[in-house]
Amino acid sequence: MKNPLFRVVALDCPEPLTLADFYSKLSGLAVEPLGDVPPTDVTWIELVNEGQPTIAFQKVDSFVAPQWPEGPIPQQLHLDFDVADLDVGEEFVLSLGATKAEFQPGTTFRVYLDPVGHPFCLVLVT
């Protein structure tokens, strides 16, 4: 048997199109076309990544944001994005609507929260 193919990471959220737009701007990947589906009917949408693993966004009406770094609702998963300059990366993600997490555990990466509270990191790559 061949190993299963890793294709997508799905993030639960209250509004898939809104969160997809945030991550589209962050990553530079386009949001898949809606086709004939009205925006109000979208319950799952993915970023287009030309045959590579991608991020999907799934509507969950009872979504509760995870808590960073600890709490009764743990983060369970986070995404890392490589940057050449943490300060420039920070300015960019804050302009998109992210917030900087109060707790910062390292110096070569920074933790942020997306608009619905999922943690993600900018990682310094030199």
Atom pair [atom1] ([X]) and [atom2] ([Y]), whose distance is rounded to the nearest 0.5 Å:
X	Y	atom1	atom2	answer
Asp80	Asp82	CG	CG	7.5 Å
Leu19	Ser24	CG	OG	11.0 Å
Ile55	Asn49	CD1	CG	8.5 Å
His78	Leu113	NE2	CG	12.0 Å

Determine whether [X] and [Y] make a side-chain contact, defined as any pair of heavy atoms from C-beta on separated by less than 4.5 Å.
X	Y	value
Pro66	Pro119	yes
Leu26	Phe92	yes
Val116	Pro14	yes
Gln67	Pro74	no

>> Does His118 form a ring pair (Phe, Tyr, Trp, His ring centres under 6.0 Å) with Phe63? I'd like the steps, not just the answer.
In response: CA-CA 11 Å; His118 298 110; Phe63 174 77; 5.3 Å; yes

[X] and [Y]: which non-hydrogen atoms are nearest, and at how many Å?
X	Y	result
Gly117	Ala65	CA-CB, 4.1 Å
Gln104	Arg110	OE1-CA, 3.2 Å
Phe22	Val93	CE1-O, 4.4 Å
Asp114	Phe120	N-CE2, 3.7 Å
Pro16	Gln58	CG-C, 4.1 Å
Leu29	Val48	CD2-O, 3.4 Å

In the single-linkage hydrophobic clustering (I, L, V, M, F, W, Y; side-chain heavy atoms under 4.5 Å), do [X] and [Y] co-cluster?
X	Y	result
Phe6	Leu77	yes
Leu86	Phe109	no
Val125	Leu79	no
Phe103	Val111	yes
Leu11	Val64	no

> Is the side chain of Glu32 donor-acceptor paired with the backbone N or O of Leu47 at a distance under 3.5 Å, no angle test?
Replying inline: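 No: the side chain of Glu32 does not pair with the backbone of Leu47.
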
> Is it true that a side-chain atom of Ser27 and a backbone atom of Tyr23 form a donor plus acceptor pair closer than 3.5 Å?
Replying inline: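 Pair found, side chain donor or acceptor close to backbone of Tyr23.
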
> Does the side chain of Glu70 come under 3.5 Å of the side chain of Trp68 through a donor N or O and an acceptor N or O?
Replying inline: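 No donor-acceptor contact under 3.5 Å links the two side chains.
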
>> Walk me through whether Val123 and Phe81 qualify under side-chain contact (heavy atoms from CB on, under 4.5 Å).
In response: CA-CA 6 Å; Val123 180; Phe81 295 88; over 6 Å; no

>> If the threshold is 4.0 Å, N to carboxylate O, is there a salt bridge linking Asp41 and Lys59?
In response: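 Answer for the salt bridge query: no.
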
